[in-house]
Amino acid sequence: MKTVKIFIISDNNWVKESVEKYLDFENTINSSSEIEDVDSVYDYIFVDMQVKSNGGPSLIRELKRSDLTKNTKFILLADREADEFQAKRVGADYFIVKPLSKAAMNLVFKN
């Protein structure tokens, strides 16, 4: 199985740790609170709902304009179920309400 490349955009360490906790396969994880640090191709990009003063949905919208991310799956890490609308509006492939669960993470990586 190939190594899955994952990037996490968040300014909270616990968010990064939550994602890492549920990964049970070969992976490479990078993280930052700056979208400029997404400087190579990733299989999955997890974006926190709020990063510094930026909304996660607007970060996804901006990242989707890049050639680097044309085959990337985007996951919005939402604060509440009502954020699903925003996730769909910006074209996120998945959204997970925090705190993360093993079942929710399995749905992301099953497809």
Side-chain angles (χ1 to χ4, degrees):
M1 180 178 187
K2 77 176 187 99
T3 300
V4 177
K5 289 185 69 182
I6 297 169
F7 199 95
I8 303 166
I9 300 174
S10 179
D11 51 1
N12 288 309
N13 277 335
W14 72 267
V15 171
K16 180 179 182 265
E17 292 164 4
S18 294
V19 172
E20 290 177 335
K21 177 168 71 171
Y22 294 116
L23 301 179
D24 55 4
F25 50 82
E26 187 83 23
N27 64 75
T28 303
I29 295 182
N30 291 313
S31 66
S32 174
S33 60
E34 305 292 333
I35 67 170
E36 294 78 23
D37 292 335
V38 179
D39 56 2
S40 67
V41 174
Y42 288 90
D43 299 302
Y44 296 88
I45 298 179
F46 288 80
V47 182
D48 204 352
M49 188 66 192
Q50 188 68 35
V51 182
K52 296 185 179 176
S53 61
N54 297 311
S58 64
L59 296 176
I60 290 174
R61 186 181 300 118
E62 191 171 333
L63 283 166
K64 286 182 78 92
R65 294 185 186 127
S66 168
D67 284 341
L68 278 178
T69 61
K70 64 183 174 207
N71 296 317
T72 300
K73 299 281 187 199
F74 286 92
I75 302 90
L76 180 65
L77 301 174
D79 295 325
R80 56 205 166 108
E81 285 289 331
D83 295 329
E84 181 178 11
F85 171 76
Q86 290 187 58
K88 288 179 177 176
R89 195 178 78 215
V90 297
D93 297 283
Y94 304 95
F95 95 106
I96 300 174
V97 177
K98 298 178 285 188
L100 307 184
S101 70
K102 179 71 172 163
M105 290 290 283
N106 284 345
L107 288 175
V108 169
F109 294 107
K110 199 173 276 187
N111 299 323

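Scope of the values below: all heavy atoms of this structure, side chains included, with no hydrogens, waters or symmetry mates.
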Subject >> Residues that R89 engages under side-chain contact (heavy atoms from CB on, under 4.5 Å), provided they are two or more places apart >> reply: R61, F85, Q86

Subject >> Shared hydrophobic cluster for I9 and I29 (ILVMFWY, side-chain gaps under 4.5 Å) >> reply: no

Original post:
Got a second to check how far I35's CD1 is from L59's CG, nearest 0.5 Å?
Top reply: 5.5 Å

Subject >> Beyond-backbone contact of V19 with I75, side-chain heavy atoms, under 4.5 angstrom >> reply: no

**OP:** Could you tell me whether the side chain of K73 reaches within less than 4.5 Å of the side chain of V108, counting heavy atoms only?
**Re:** no

Subject >> Residues forming a side chain to side chain donor-acceptor pair (under 3.5 Å) with K102, sequence neighbours excluded >> reply: D24

Original post:
Between OH of Y94 and NZ of K110, what distance do you get to the nearest 0.5 Å?
Top reply: 11.0 Å

Original post:
Would a 4.5 Å heavy-atom cut-off, applied to side chains only, mark D83 and V97 as touching?
Top reply: no

**OP:** For K5, enumerate each residue passing the salt bridge (Lys or Arg N to Asp or Glu O under 4.0 Å) test, keeping only those at least two apart in sequence or located in another chain.
**Re:** none

Subject >> Set of side-chain contact (heavy atoms from CB on, under 4.5 Å) partners for K21, sequence neighbours left out >> reply: none

Original post:
Mind checking whether L76 and L100 sit in one hydrophobic cluster, side chains of I, L, V, M, F, W, Y counted as touching below 4.5 Å?
Top reply: no

Original post:
Can you list the residues that meet the side chain to side chain donor-acceptor pair (under 3.5 Å) rule with E62, with sequence neighbours excluded?
Top reply: none

Subject >> Contacts of type side chain to side chain donor-acceptor pair (under 3.5 Å), residue S10, not counting sequence neighbours >> reply: D48

Original post:
For the atom pair NZ (K98) and CG (L77), what is the distance rounded to the nearest 0.5 Å?
Top reply: 6.5 Å

**OP:** Not counting sequence neighbours, which residues clear ring-ring contact (aromatic ring centres under 6.0 Å, His included) with Y42? List them please.
**Re:** F7

Original post:
So do the side chains of K64 and V90 get within less than 4.5 Å of each other, counting heavy atoms only?
Top reply: no

Original post:
Applying the ring-ring contact (aromatic ring centres under 6.0 Å, His included) test to Y44, which of F74, F109, F25 qualifies?
Top reply: F109

Subject >> All salt bridge (Lys or Arg N to Asp or Glu O under 4.0 Å) counterparts of R65, not counting sequence neighbours >> reply: none

Subject >> Distance (rounded to the nearest 0.5 Å) between K16 NZ and S33 OG >> reply: 12.5 Å

**OP:** Output all residues satisfying salt bridge (Lys or Arg N to Asp or Glu O under 4.0 Å) with D37, sequence neighbours left out; order by chain, then residue number.
**Re:** none

Original post:
Out of T69, I8, I60, which residue meets the side chain to side chain contact (heavy atoms under 4.5 Å, CB included) rule with I45?
Top reply: T69

Original post:
Does L68 have any side-chain contact (heavy atoms from CB on, under 4.5 Å) partners at least two apart in sequence or in another chain, and if so, which?
Top reply: V41, S66

Original post:
Quick one: side chain to side chain donor-acceptor pair (under 3.5 Å) partners of N27, sequence neighbours excluded?
Top reply: none

Please report, to 0.1 Å, the donor-acceptor pairs under 3.5 Å made by any side chain of residues 49-57, with sequence neighbours excluded.
{"unit_1": "Q50", "atom_1": "NE2", "unit_2": "K52", "atom_2": "O", "d": "3.2"}
{"unit_1": "Q50", "atom_1": "NE2", "unit_2": "N54", "atom_2": "O", "d": "3.2"}
{"unit_1": "K52", "atom_1": "NZ", "unit_2": "E34", "atom_2": "OE2", "d": "2.2"}

Original post:
Can you name the closest pair of heavy atoms from A87 and F95 and give their distance?
Top reply: CB-CB, 3.7 Å

Original post:
In terms of hydrophobic clustering (I, L, V, M, F, W, Y; side-chain heavy atoms under 4.5 Å; direct or indirect links), are V47 and V15 co-clustered?
Top reply: no

